[in-house]
Amino acid sequence: MLASVPFALFLAPLVLAQSSANTALDIQIIQAEFSGAGLVPSLLSTFAPSAVLNLSFSGVGHVAPGQNLTKDQVAPTPQLSVTPANATVTLTGNFTVVMADADIAGTDETKGQTRHWLVNDVSLTGSSVPLSVSVESGLAVTQYAGPAPASGSGPHRYVVLLLPQGPDFRPPQNLSTANVPVSVFNLADYISGSHLGSPIAGTYFTVEEGTATVTPSATSPVNTAMFSSTGASSTADSHTQNQPSGSPTPNSAQIVKFAWMPLAIFVIALGFFVL
């Protein structure tokens with residue numbers, strides 16, 4: 001039994017490294033999803049998250065980026081949690097949670113987006129990752145309002161972002177009190193005008209009612225399976241023209257991830273032998 005103690009101590013860094021590699025991979029995937037869906041650069045000029053935003057609905061569970069859901073499935077307020085990319089990413093202070101309807105791909109985002117959720121002064125809680133995004137502790141400027149796109153208007157993209165509030169955070173007067181109804185605003189202008197930091201995490205889902213009578217702009221679906229093993233580089237290359245400047249290279253994350261796996265298996269086997 002005593003031998004299991006140093007074994008556990010030796011294994012811990014391997015587990016942490018594997019977890020960090022997986023999170024880094026998830027970040028690359030969500031970046032590719034935002035670019036492929038046309039959210040970058042039309043809605044956000046760049047998107048370089050340092051954490052993964054996990055979103056789930058009651059009765060649905062975890063929602064994958066870009067997942068198509070029904071109006072009924074997205075009616076309840078979702079649960080949010082966040083996982084930083086690695087131990088060097090510190091998530092402290094207050095944050096803003098916002099959900100906006102970016103409409104169908106190809107929409108002129110300069111005309112604004114429908115604001116479905118806006119909560120300021122949100123805190124992150126928990127002693128281990130993922131950290132809970134405690135919207136209940138914040139100021140609900142606009143209470144969550146489930147999407148209800150017009151029938152035939154195509155697949156609307158609902159973007160959820162987590163943004164850091166710095167010391168100079170100043171929301172506009174018309175969005176600084178509780179219970180402001182759902183309305184159209186300009187997300188990019190709100191972020192810059194309020195002096196919010198760049199999104200540290202985000203995701204999106206789609207909702208469509210009826211049969212589309214409009215044709216969205218072409219998008220680039222992301223095959224997440226391609227982000228495992230050597231396929232990561234080819235998928236990343238297909239999104240290079242849309243990727244934000246300075247985006248991490250998928251291949252490097254894969255090297256970290258898979259380099260640890262044989263060693264981890266060896267250590268586990270050795271631990272059983274010692275025990």
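Computed from a predicted structure; not experimentally measured.
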## Note on the structure
Sorted by chain and number, sequence neighbours left out, salt bridge (charged side-chain N to carboxylate O under 4.0 Å, His left out) with E208 holds for none
### Message
Parallel, tilted or perpendicular, judged at 30° and 60°: which one describes the rings of Y158 and F205?
### Response
parallel
### Message
I need the N186 CG to S192 OG distance, nearest 0.5 Å.
### Response
8.0 Å
## Note on the structure
CG of L91 to CG of L162, rounded to nearest 0.5 Å, is 8.0 Å
### Query
Are any non-hydrogen side-chain atoms of H116 and Y144 less than 4.5 angstrom apart?
no
### Query
Would you call the rings of F34 and F47 parallel, tilted or perpendicular if under 30° counts as parallel and over 60° as perpendicular?
parallel
### Message
Going by salt bridge (charged side-chain N to carboxylate O under 4.0 Å, His left out), name the pairs with one or both residues in residues 106-128, residues two or more places apart or in two chains.
### Response
E109-R157
#### Entry: Spacing of CG belonging to L55 relative to CG belonging to L80, to within rounding of 0.5 Å
5.5 Å
### Query
Do the side chains of N54 and T83 get nearer than 4.5 Å, heavy atoms only?
yes
### Query
Can you tell if the side chain of L163 reaches within under 4.5 Å of the side chain of I191, non-hydrogen atoms only?
yes
### Check: V135 and W117 side chains under 4.5 Å, non-hydrogen atoms
yes
### Task
Tell me, with the steps shown, if S137 and S123 meet side-chain hydrogen bond (donor to acceptor under 3.5 Å, both in side chains).
CA-CA 7 Å; S137 65; S123 60; 3.1 Å; yes
### Message
Within the 4.5 Å heavy-atom criterion, are I104 and H156 side-chain neighbours or not?
### Response
yes
### Query
So, do V159 and L161 sit near enough that their side-chain heavy atoms are less than 4.5 Å apart?
yes
### Task
Report the C-alpha separation of D72 and T70 in whole Å, then their side-chain angles, then the decisive distance to 0.1 Å, and conclude whether the side-chain hydrogen bond (donor to acceptor under 3.5 Å, both in side chains) test is met.
CA-CA 5 Å; D72 291 339; T70 67; 5.3 Å; no
### Task
Could you point out which residue of L69, D101, V74, T114 forms a side-chain contact (heavy atoms from CB on, under 4.5 Å) with P147?
V74
### Message
Just so I know, are the side chains of T96 and V122 near enough to count as touching, which here means a heavy-atom distance under 4.5 Å?
### Response
no
### Message
Under a 3.5 Å threshold, yes or no: a donor from one side chain and an acceptor from the other, between T125 and S134?
### Response
yes
## Note on the structure
Here the gap from N94 atom CG to L124 atom CG, rounded to the nearest 0.5 Å, amounts to 9.0 Å
### Summary
To the nearest 0.5 Å, atom OG of S81 lies from atom CG of L53 at 7.0 Å
### Spatial distance of atom OG (S194) from atom CG (N120) [nearest 0.5 Å]
7.5 Å
